[in-house]
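Each ligand, and each atom within it, is numbered from 1 in the order the structure gives. Because the structure is a prediction, the values reported are computed rather than measured. Below, all heavy atoms of this structure are taken into account, side chains as well, without hydrogens, waters or symmetry copies.
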Amino acid sequence: MSLPSRVQLIDVGPRDGLQNEKQPVPAAVKIELVHRLQAAGLTEIEVTSFVSPKWVPQMADNAEVMGGIQRQAGVRYSVLTPNLQGFEAALKTRPDEIVVFGAASEAFSHKNINCSIAESIERFAPVVQAALAAGIAVRGAMSCTVGCPYEGDVAPERVAYLAGLMKQIGVQRVDVADTIGVGTPLRVQKAIEATLQHFDVDHVCGHFHDTYGQALSNTLAALQMGVRNFQSSVAGLGGCPYAKGATGNVSTEDVVYMLHGMGIATGIDLDKLVDAGAFISDFLGRKPNSNVAKAILNKRAG
Ligand SMILES: CC(C)(COP(=O)([O-])OP(=O)([O-])OC[C@H]1O[C@@H](n2cnc3c(N)ncnc32)[C@H](O)[C@@H]1OP(=O)([O-])[O-])[C@@H](O)C(=O)NCCC(=O)NCCSC(=O)C[C@@](C)(O)CC(=O)[O-]
């Protein structure tokens, strides 16, 4: 399979990246981060989630953040909505895309959204219908497609099952997420293969956490299968609050460096992206969790 000439990146830093931060991050900082990401050329940004503030307090300012963004033409702003209550609140903030989020593992589904996989699909179905009726795009995140923090290895058949349910309720594209970053290339390819039973490759996004340092290899393995949409997090921010020990997504800086080095276009200005990562890392009081960002910042510092 020949590699694509262009890849679409979705930066999930403002949502996936910041949801797990213990220290409060003011809405103004989140808004500034979104502005810096779009200035760097990101055309898809996962901004926030409309979930219970008791479950994820860091996302309680969802409406304020969505309301404060100066939107740029051509940029798609997405938000997570686990149920109709979340969707109705999100609708007022005019997202371009909503994300329902399920899991290939029963245990993770219970821990993360307090219901079984089957119940989650029942909850998502009216959300998907309402979003499509309102002209809003719908993505489905599939967690634990390789491994689960509670159940261990997850079989590709579980991924195919969830992907099939997502397709049945009208989800337009899905994320194959390695939530705890345990995947290695061939296992990730099996999860993608299972997803391809129900979704066209153009409607599949790779979402790889980098806990075991495998995310770039997994990205390449997905690219070799024709996947052209990937999620990543500026400065490698993040981790899911219901997946203890899992680190952030692969950093957007590392993915962009790899893709550009392979002659694959992203439309992203790596220097501006590194600035965006430095901005949020400075606020959080730590170095970016990205080898490329650290190398570029060191080089700049001489
Ligand atoms: C799904 C629920 C809400 C079920 O939580 P529940 O407790 O079962 O919900 P409920 O319907 O019984 O309602 C209980 C309370 O929550 C409120 N509530 C109910 N819904 C909402 C809402 N939408 N927004 C705001 N409030 C809400 C509701 O109003 C009520 O409030 P009370 O009467 O007690 O004051 C909860 O489990 C939840 O919020 N979970 C979110 C967990 C989360 O955000 N996880 C991180 C995102 S997923 C992720 O990071 C993985 C991903 C996508 O990146 C991919 C990967 O790497 O795997």
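- Exactly one of K30, R76, R15 qualifies for a salt bridge (Lys or Arg N to Asp or Glu O under 4.0 Å) with E46. That residue is R15.
- Per-residue contacts place H209 under 4.0 angstrom from the following atoms of ligand 1 (heavy atoms of the residue considered): 57 (O).
- Taking any N or O of D16, backbone or side chain, at least one lies under 3.5 Å from an N or O belonging to ligand 1.
- Under 3.5 Å, the side chains of S78 and E44 contain no donor-acceptor pair of N or O atoms.
- Under the 3.5 Å distance criterion, with hydrogens and angles disregarded, a donor-acceptor pair is assigned to the side chains of Y77 and Q38.
- When the heavy atoms of S143, G102, S109, A89 are ranked by distance to atom 51 (C) of ligand 1, first place goes to S143.
- Numbered from 1 in the order shown, with element, the atoms of ligand 1 that lie under 4.0 Å from a heavy atom of A141 read 53 (C).
- Summarising the contacts of atom 57 (O) of ligand 1 with H207, Q58, E119, E46, the nearest heavy atom is found in H207.
- Sorted by first and then second residue, the side-chain hydrogen bond (donor to acceptor under 3.5 Å, both in side chains) pairs with a member in residues 266-278 read H260-T266, D271-R300, D275-R300; sequence neighbours excluded.
- Set against the non-hydrogen atoms of P53, the atoms of ligand 1 under 4.0 Å away are 25 (C), 26 (N).
- In the vicinity of K54, heavy-atom distances shorter than 4.0 Å reach the ligand 1 atoms 32 (P), 34 (O), 35 (O).
- Considering both main-chain and side-chain atoms, F50 comes within under 3.5 Å of ligand 1 through a nitrogen or oxygen pair.
- Per-residue contacts place G86 under 4.0 angstrom from the following atoms of ligand 1 (heavy atoms of the residue considered): 23 (N).
- Counting heavy atoms closer than 4.0 Å to ligand 1, residue V51 contributes atoms from both its backbone and its side chain.
- I10 is not connected to M66 by any chain of hydrophobic side-chain contacts under 4.5 Å among Ile, Leu, Val, Met, Phe, Trp and Tyr, and they are in different clusters.
- With a 4.0 Å cut-off on non-hydrogen atoms, M142 does not touch ligand 1 at all.
- Side chain to side chain, H203 and N229 fail the donor-acceptor criterion of an N or O pair below 3.5 Å.
- For ligand 1 and N83, the ligand atoms under 4.0 Å from any heavy atom of the residue are 3 (C), 19 (C), 20 (N), 21 (C), 22 (C), 23 (N).
- Taking a cut-off of under 4.0 Å to the non-hydrogen atoms of N112, the atoms of ligand 1 that pass are 37 (O), 40 (N), 41 (C), 42 (C), 43 (C), 45 (N), 46 (C), 48 (S).
- Interatomic distance, Q231 CD to T219 OG1, rounded to the nearest 0.5 Å: 11.0 Å.
- Rounding to the nearest 0.5 Å gives a distance of 14.5 Å between OG1 of T195 and CZ of R173.
- Residue A177 has at least one heavy-atom neighbour below 4.0 Å for each of these atoms of ligand 1: 55 (C), 56 (C), 57 (O), 58 (O).
- With no hydrogens or angles considered, no side-chain donor-acceptor pair links S232 and N249 at under 3.5 Å.
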